2 protein chains.
Amino acid sequence: MSLRHAMLGLLAAGPASGYDLLKLFEISLANVWPATQSQVYAELSRLANAGLVKAAAEGPRGRKEYAITDEGLAELRHWLTDVEPKPVRRIDMLLRVFFLDRLDPAQAHDYLERQAAEAAQDHEELLELRETVSQGEDALSVYGSLALEWGLRFTAMQREWAEWAAGQVTALGGRTFNPVPTDPRLFGSGD
Amino acid sequence: MSLRHAMLGLLAAGPASGYDLLKLFEISLANVWPATQSQVYAELSRLANAGLVKAAAEGPRGRKEYAITDEGLAELRHWLTDVEPKPVRRIDMLLRVFFLDRLDPAQAHDYLERQAAEAAQDHEELLELRETVSQGEDALSVYGSLALEWGLRFTAMQREWAEWAAGQVTALGGRTFNPVPTDPRLFGSGD
DNA sequence: GTTCGACATGTCAGTATTGGAATGTCTGAA
DNA sequence: TTCAGACATTCCAATACTGACATGTCGAAC
């Protein structure tokens, strides 16, 4: 239910329409929780239905502004203090690492070097983003900069790891492996 | 379509039943791509339907073993070499950081300290896992250890970041912020 | 000889996410 | 004046994932 709480979090800073929220998602939260139009509008209805937000004003072009309710604010605080965040569970980039033995060592090495390059580029982009954003003094910018620092550290770590792993693959060379055990000796010592 | 390719990757090491695959997911891939029973059996049918695997043998208790086909092997290699992995997009732990200004500074600090502790514990668990697994000499273990090293670096990074961020929040104290801009001056210089 | 637990597969309803289509309004620039 | 582009909402079909339910078999230990 993180989308729901992300929307409550944004609305906690002031009333907004679905359209506004969508822009806020794109500008501030794109790197931690992307959301599509259909998701935002649908969830806004559910939120209103649940009494966590209420219609606050109508504007031109059918614009509908919503404001967070006391109940919504309580729910947001509850989520922040009492519910532990769900850890990231699926990492496509790492999943593939398990199957790199199906490739030539040279191809496996390339894969890891590509990941290093990708991480380096992401790192650069975050540095640029920091320049763009550092003017802002609002809360989203201040706390957002903590998140940005996480991204910087993450991409740096990923780049270093991928370089290291590429080196390991080269060191391993084209050696072959014992079969993966799937019989009654399942997951024994591998000998 | 990562589940599909994860299954092809496992079947590339030898024939297996849905039940076998489920165990392999739990033991080897739980930290990078968890899968449930219903997912595995359903995907196995689709894979067979698409000609990427074929029924290889039947055993007691209705056991059905599948083997990867040449087409399946080609698809696996194509996925590994030509399709870039999808980056992780949703990070619940970081999303919450954006809304920490809705809490007392003390509570925000606690949140970050809890994340540090969580990361430290995950790090310990991975160290234990490394001891358990290091006996294995099969390919999943060898390449899996590259993935494990990623986890070790990731949890170390996360712990350090969270400690740092907790310190930042304390340094910021209880200061207040400018409102998040949502009006015509949208996302200006924040002044 | 029974019974418990591991082996083994299949189905279902509910939720989250994606991406696109459909529709219409207002404003500013050419 | 007209017309492109931003503003603004709603609905839909397809896919992915979760957690539970249903069903049955085999082997080993008691």
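Naming convention: chains lettered A, B, ... in sequence-line order (proteins, then strands); numbering from 1 in each chain. Everything quoted here is computed from the prediction, not taken from an experiment.
Judged by distance alone, the side chains of Q115(A) and E84(B) do bring a donor and an acceptor atom under 3.5 Å apart.
The list of salt bridge (Lys or Arg N to Asp or Glu O under 4.0 Å) pairs with a residue in residues 37-55 of chain A, not counting sequence neighbours, reads R4(A)-E43(A), E43(A)-R46(A). Each ring-ring contact (aromatic ring centres under 6.0 Å, His included) pair with one or both residues in residues 20-51 of chain B, not counting sequence neighbours, would appear here, but there are none.
In this structure A30(B) satisfies the side-chain contact (heavy atoms from CB on, under 4.5 Å) test with no other residue, sequence neighbours excluded. Under the ring-ring contact (aromatic ring centres under 6.0 Å, His included) criterion, W79(A) pairs with H5(A), not counting sequence neighbours. In this structure R159(A) satisfies the salt bridge (Lys or Arg N to Asp or Glu O under 4.0 Å) test with no other residue, sequence neighbours excluded.
Comparing S2(A) and G62(A) along DNA chain C, the residue whose closest nucleotide (by nearest heavy atom) sits nearer the 5' end is S2(A). Between R61(A) and S45(B), the residue whose closest nucleotide on DNA chain C is further toward the 5' end is S45(B).
Rounded to whole angstrom, the span from the CG atom of L24(B) across to the C1' atom of dA8(C) amounts to 15 Å. Rounded to a whole Å, the CG atom of L22(A) is 14 Å from the C1' atom of dT17(C). When rounded to the nearest whole Å, the span between CG of L21(B) and P of dA8(C) equals 12 Å. With rounding to whole Å, R46(A) atom CZ is found 9 Å from dT15(C) atom C1'. One atom, CG of L3(A), and another, C1' of dT17(C), lie 10 Å apart when rounded to the nearest Å. Atom CD of E58(B) and atom C1' of dG10(C) are 15 Å apart (whole Å). Across the protein-nucleic acid pair, R4(B) atom CZ and dA16(D) atom P stand 8 Å apart, rounded to whole Å. Rounded to whole Å, the distance from CZ on F25(A) to P on dT17(C) is 10 Å.
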- request: Show your working on side chain to side chain donor-acceptor pair (under 3.5 Å) between W164(B) and E149(A) and close with a plain yes or no.
  value: CA-CA 10 Å; W164(B) 168 84; E149(A) 173 68 20; 5.7 Å; no
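Closest contact between the side chain of Y19(A) and the listed nucleotides dC17(D), dA8(C), dC7(D) involves dC7(D). The side chain of R63(B) approaches dA8(C) more closely than any other nucleotide in the set dT9(D), dA8(C), dA16(C).
When the side-chain nitrogen and oxygen atoms of K23(A) are compared with OP1 and OP2 of dA6(D), none of them lie within a distance under 4.0 Å. Proximity of R90(A) to the phosphate of dC17(D): a side-chain N or O atom is located under 4.0 Å from OP1 or OP2.
Contacts with DNA chain D (heavy atom under 4.0 Å) in residues 32-39 of chain B: W33(B), T36(B), Q37(B), S38(B), Q39(B), listed by number.
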